[in-house]
Amino acid sequence: MNNAVNDGGGAGVWSATGFRPGTKTGAGAGPGTGSPSGTPGGADGDTGDGEIWSGCWVAERLGVELVGDEGLGELLGLALRRNPKRAHLLVSHVLGKHIPQSPAVVYGYGFALGLRVRDLLGEDEARRAVVLGYAETATGLGHSVADGVGLAPCLHSTRRPVDGVARAGGFEESHSHATSHLLLPENPGLLAGDGPLVLVDDEFSTGNTILNTIRDLHERYPRDRYVIVALVDMRSAADLGRLDDLAREIGARVDLVTAASGTVRLPEGVLEKGQALVARYESEAEASASGVSDSAGPDGQTAPEARGVQGAPVRPARRVELGWPEGIPDGGRHGFTPQHRVRLEGALPAMAARIAEALPSDARRVLVLGFEELMYAPLRLGVALEKLTDAEVRYSTTTRSPVLAVDDPGYAIRTRLVFPAHDNPADGPGDRYAYNVAGAGFDAVVAVVDSTADTPELHAPNGLLARLSAHTPSVLLAVVPSYVPARPSTASSTERRSMLPEPLRGPDFSSYAPDEVGWLLQDLSDTKLEAPTEEREEAIQSGGAHYAESLPVEYQPSDAYQELFHNALAVSATRIAQAVGVVTETVLAERSPRPVLVSLARAGTPVGVLMRRWAQHRHGLDLPHYAVSIVRGRGIDANALRWLAAHHDPADIVFVDGWTGKGAITRELAQAVEEFEASDGITGFDPEIAVLADPGSCVRTYGTREDFLIPSACLNSTVSGLISRTVLRADLVGEHDYHGAKFYRELAAADVSVAFLDAVADRFDSVDEAVDAQVKELLSTDRSPTWEGWAAVERISEEYGIHDVNLVKPGVGEATRVLLRRVPWKILARAGAGADLDHVRLLAEQRGVPVEEVAELPYTCVGLIHPKYTRGATGADGKAVSV
C-alpha cells in the first residue's frame with residue numbers, strides 16, 4: 001500500500017506574479033501547517049508579504065509554475081542548469097546545500113520528519129529500521145531523519161569508492177550530474193535485516209531513483225515495509241500511482257512522509273527554452289567573468305562582486321583542531337549507529353567552542369561550509385556553534401552540480417564560486433561549486449572537510465580556500481578524520497586498486513558516445529603495434545609470440561565490400577534487433593533487474609551498446625556498460641575486474657560477447673574468474689557470457705543459436721568504435737595497468753560504428769511482439785549448453801589433418817576474422833548457404849582462398865587457418881597455396 005503523509009498547508013500557485021491561493025492540482029495534499037511539527041520557523045529567502053519569490057526569474061522566462069501547498073514557495077526556489085533531461089532545478093531553502101540557512105532550521109526539518117517516521121512505525125518497528133540517505137544532497141538530511149527516529153542506524157549512498165570495503169548494492173540516478181551511487185556499509189548485515197527501510201531524499205519528483213533502489217535492494221534483501229521521506233513531494237499526476245504499483249509488485253507496504261507537496265507545471269518546449277537560456281547566459285558570463293566567481297546579472301552579464309572583497313590579498317586559512325572523538329565516523333558512508341550519535345552529541349559543545357574561539361571577535365555573520373557528501377558533521381557543528389555565539393550562523397555545502405548563477409533577487413542561485421575538486425575523486429578531476437557565498441557578507445567562513453579532501457588542491461591558489469578568502473575577511477579550516485572501516489585487505493591489494501584509472505570514453509577514445517560505453521583499457525594509440533600478417537602468423541604458430549602482442553594491419557574494405565556490408569545490414573537489421581531484444585530480456589529476467597553490462601572487447605562492444613539501447617527503449621533503464629579485454633591463454637584483465645568490483649556489485653555484472661564459436665572464450669572466462677577469486681578474494685562474478693548468437697551451444701543466455709551474418713563481424717575497428725583488438729605485452733602493460741588498445745582516429749571517414757547501431761535500433765519497435773514471444777518460449781526451455789560446436793571443431797581438426805583446434809574458427813563471424821586478420825587456408829561452407837556468406841566469398845576471392853562446400857556442417861561456415869605456415873607459404877602475391 002502507499003500511505004502518503006505530508007504537512008502541507010493551503011493550496012496555491014507560485015509563478016512569475018507571486019503566490020496566489022487556489023485549488024491545487026496534480027498532487028494530493030494532506031492537512032497540516034506548512035512546516036513539520038517542531039521545526040524552527042523562518043527560512044532565509046522566505047516569500048512573505050512584499051518579498052520576492054526566488055523562483056520568479058525562471059518562472060517569468062520559462063512559464064514554469066509550482067502548484068501545491070501554500071508553504072511550497074517558502075521551501076523551494078528555481079534555478080537553471082545544463083541538463084539534457086531537465087533544465088530547471090528546484091532549489092531548497094531548508095536543505096543546506098545551495099542556499100546558506102540557519103543550521104537549526106536545516107537540522108530541525110530533518111529531525112521533525114524523523115519524529116513523524118517514528119510515530120508512523122511505532123517504537124518496536126523503529127528499532128528494527130535502517131535509514132538510507134542519498135548522496136550527495138540528502139546525506140545530512142538522512143542523518144537528521146535518523147536522529148529523529150532515534151533508534152535506527154543510518155547509512156548513506158556515496159560516489160566515493162573506498163578500497164577494501166565490499167559493496168552491498170548500488171544504483172544509477174540517471175538525471176543526476178554524477179549518476180552512480182555505491183552502498184558501502186562497514187557491517188554488511190546493515191541492509192540484510194527484514195525491518196523497515198527508510199529512504200530519504202531532498203525531493204520526490206519522478207520517483208525513479210527511489211523506486212529503482214527499492215527494487216534493487218528488495219531483490220537482495222526482501223522486507224515487508226518501506227518508508228520514503230522527502231522534504232517535498234513534487235510528483236506529477238502521471239507518477240502518483242507508481243508507489244501503489246510498486247507495493248503490489250513486491251508485496252510490501254510503502255509509505256511516504258513529506259513536509260510539503262505539489263507539482264511543477266511545465267509549458268510546452270520548456271526544455272529547449274531552458275537550454276537556450278542557459279547557453280546564452282553561460283556564454284555571456286564566460287566572456288566577461290574574472291575567473292574568481294561566475295555570477296550573471298539580470299542582463300546576462302557577470303555581476304560585480306561589490307559585496308565581497310574581490311581583489312584583496314589571499315590570506316591563508318587558519319586551521320582549527322576540532323578534537324573529533326576517536327572511532328566516530330565522519331558520516332554515514334559506512335554506517336552510523338545511535339550509539340555513535342550519543343558519543344558525538346557529547347563532544348559537540350567542546351568542538352564548537354574551539355571554532356568559536358578561533359573566530360574573529362567582530363564576526364557577526366558566519367558561514368559553516370560543508371563539503372559535498374560531508375553534510376552531517378558540519379551541520380551538527382553549525383547547530384552547536386549557533387547556540388554558543390551571538391553571531392548569525394548560516395550553513396551550506398559545496399557541490400558537484402553545475403548551476404547557472406544570476407544575480408537577481410528572484411533567482412535562487414545568486415553567485416557561484418568555482419574551484420577544482422580536492423579529494424582525488426574516482427571519476428577524475430573536475431570543477432566543484434559553492435553557491436550564494438560570494439557577496440553574501442560573511443565575516444568568516446568555517447570550511448569543514450574530511451581528511452581525504454585535505455589535499456594540496458584544497459590549498460592551491462585556485463583552490464576552495466583561496467576562493468573563499470577573496471570574499472570574506474577570515475577563513476577557518478576544520479578537518480574531520482575520514483573514517484576507514486577495519487578491513488583485511490593487504491597493502492598490495494590497496495596499492496593496485498588505488499592506481500586504477502577511470503574508464504576511457506568517447507570522443508577522446510572511440511567514436512561511441514561517452515554514455516554508451518566506458519573502456520577499461522589503456523590508450524596505446526601512439527604505439528607502433530601493427531605487423532604484416534605473414535610475420536604475425538609465423539611468430540604465433542612457431543610459439544615465438546602470442547597473438548595479443550601485436551596487431552594486424554587494419555583491413556581497408558574495397559568499395560564492393562563496403563557495399564556488401566551495407567546491403568547485409570539492410571537485410572539482417574531486423575533479425576539482429578530481435579536477437580538483441582531476446583538476449584537483453586533474458587538477462588533482465590534471469591540475471592539481474594539492473595545489470596551492469598561488461599562486454600568483451602571488441603566484438604562484444606557493439607552488442608553491449610545495443611543491449612543498453614534496448615533496455616532504454618523498452619524499460620527506460622540506463623544500464624552501465626563497460627568494455628574489458630580477455631585474451632585466449634592469458635585470461636581476463638584482472639585490473640578491470642578490480643575496478644568493477646570497487647564500483648559495482650559483482651553479482652550484477654553480466655559479461656557480453658558477440659557470438660560463440662567453439663566456446664574457447666567461454667571456458668577462458670570461467671577459468672579466469674575462478675583464478676581471480678582465489679587471488680583477490682573477491683567473489684560474485686558470474687562467468688557465463690550473454691551473446692547475440694550461440695551457434696556452438698556454449699552458453700545459456702543468447703539471442704539466437706542460428707549461425708547467421710552479424711554485419712559487425714564483417715569489419716574491424718570501423719564497426720567497433722574505431723578501436724583495435726586488445727593488446728597484452730609485458731613491455732607495454734604493467735602489473736597495475738589495464739590491457740591496451742588503439743584508437744584509429746585516422747579512419748573516421750570510413751567509420752560505420754554508429755550507423756550500424758542506429759540501423760539495428762531503428763528496428764526495435766517492429767520486433768517487440770516477436771521478442772516477447774521468443775523470450776517466453778526460451779525461459780521455459782532447457783537451454784543447457786551441449787558444446788556440440790566444440791565437438792564439431794575437434795572432428796574437423798582431425799578430418800583435415802590440422803590437429804590443432806585453435807586453427808579451426810567456426811561460424812560466420814570467426815571465419816570472417818580469419819580472412820581479415822590471419823593467413824587463411826580454406827573456408828568450409830555449408831551446402832546451400834546463401835547471402836549470409838556473400839562477404840565471405842568476396843574476401844576469399846580477394847585473398848585467393850578456396851571455398852569448399854560441405855554437406856554436413858553444424859555451422860554456416862568454418863574458417864581454417866593455414867596449418868603449416870612459413871614465411872613463403874603465401875607466395876609473393878599474398879595468396880594461399882595448397883599444402
Side-chain angles (χ1 to χ4, degrees), residues 14-16 18 43-47 51-66 68 72-101 136-138 175-178 201-203 205 231-232 234 262-267 270-286 289 293-303 372 394 396-418 431-440:
W14 298 81
S15 66
D44 284 7
D46 279 1
T47 305
E51 293 191 21
I52 299 174
W53 175 46
S54 64
C56 289
W57 192 92
V58 174
E60 178 182 348
R61 285 157 179 78
L62 297 185
V64 176
E65 293 181 335
L66 297 191
L72 195 61
E74 299 173 5
L75 296 179
L76 297 175
L78 293 173
L80 296 177
R81 60 181 176 176
R82 184 180 293 277
N83 187 297
K85 296 184 178 179
R86 188 171 66 182
H88 73 280
L89 176 70
L90 298 174
V91 182
S92 173
H93 287 277
V94 298
L95 181 64
K97 176 54 71 173
H98 301 87
I99 297 178
Q101 176 58 274
E136 68 179 36
T137 54
H175 67 273
S176 174
H177 178 66
D201 210 350
D202 56 320
E203 65 178 78
S205 49
L231 288 172
V232 291
M234 299 301 292
T263 191
V264 184
R265 285 180 179 168
L266 300 174
V270 67
L271 178 59
E272 294 76 14
K273 289 180 182 178
Q275 290 172 333
L277 199 58
V278 171
R280 174 194 151 199
Y281 274 66
E282 282 186 342
S283 63
E284 292 178 355
E286 288 172 5
S293 68
D294 180 4
S295 57
D299 58 354
Q301 300 302 314
T302 300
E372 297 185 25
R394 291 294 178 262
S396 64
T397 54
T398 65
T399 178
R400 284 170 162 254
S401 300
V403 185
L404 178 70
V406 178
D407 192 13
D408 186 283
Y411 188 82
I413 303 296
R414 302 288 295 274
T415 62
R416 178 173 83 167
L417 292 180
V418 185
D431 286 340
R432 300 295 186 263
Y433 311 91
Y435 296 110
N436 295 318
V437 176

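All of these numbers come straight from a predicted model, not from anything done at the bench.
- At least one donor-acceptor pair closer than 3.5 Å links the side chain of Tyr435 to the backbone N or O of Val403.
- Side-chain contact between Leu277 and Val58 is absent, with no heavy-atom pair separated by less than 4.5 Å.
- With sequence neighbours left out, Thr398 forms a side chain to side chain contact (heavy atoms under 4.5 Å, CB included) with Leu369, Phe371, Glu372, Phe419, Ala434, Leu464.
- Leu66 has its side chain within reach of Val264: a pair of non-hydrogen atoms, C-beta onward, lies under 4.5 Å apart.
- Put simply, the side chain of Tyr433 never gets that close to the backbone of His98: no donor and acceptor are under 3.5 Å apart.
- Judged by distance alone, with hydrogens and angles left aside, the side-chain atoms of Arg414 form a donor-acceptor pair with the main-chain N or O of Asp408 at under 3.5 Å.
- Listed for the Thr415 side chain is a donor-acceptor partner under 3.5 Å among the backbone atoms of Ala438.
- Applying the side chain to side chain contact (heavy atoms under 4.5 Å, CB included) criterion to Ala138, with sequence neighbours excluded, gives Tyr134, Leu141, Asp201.
- Checked options Thr137, Thr397, Thr399; the residue passing with Lys97 is Thr397 (criterion: side-chain hydrogen bond (donor to acceptor under 3.5 Å, both in side chains)).
- For the pair Glu203 (side chain) and Val232 (backbone), a donor-acceptor distance under 3.5 Å is absent.
- Between Ser92 and Gln101 there is no side-chain heavy-atom pair separated by less than 4.5 Å.
- Evaluation of the side chain to side chain contact (heavy atoms under 4.5 Å, CB included) rule for Val270 yields Leu62, Val64, Leu266, Pro267 as partners, not counting sequence neighbours.
- For the atom pair CG (Leu80) and CD (Gln275), the distance works out to 10.5 Å, reported to the nearest 0.5 Å.
- Between the side chain of Trp53 and the backbone N or O of Leu76, at least one donor-acceptor pair lies under 3.5 Å.
- In this structure, CG on Leu90 lies 8.5 Å from CG on Leu72, to the nearest 0.5 angstrom.
- One distance of note links CG of Leu95 with CG of Leu75; it measures 11.0 Å at 0.5 Å rounding.
- Of the options Ile99, Asn436, Leu78, a side chain to side chain contact (heavy atoms under 4.5 Å, CB included) to Val91 is made by Ile99 and by none of the others.
- Using a distance-only test at 3.5 Å, with no hydrogens or angles considered, no donor-acceptor pair links the side chain of Asp202 to the main chain of Leu231.
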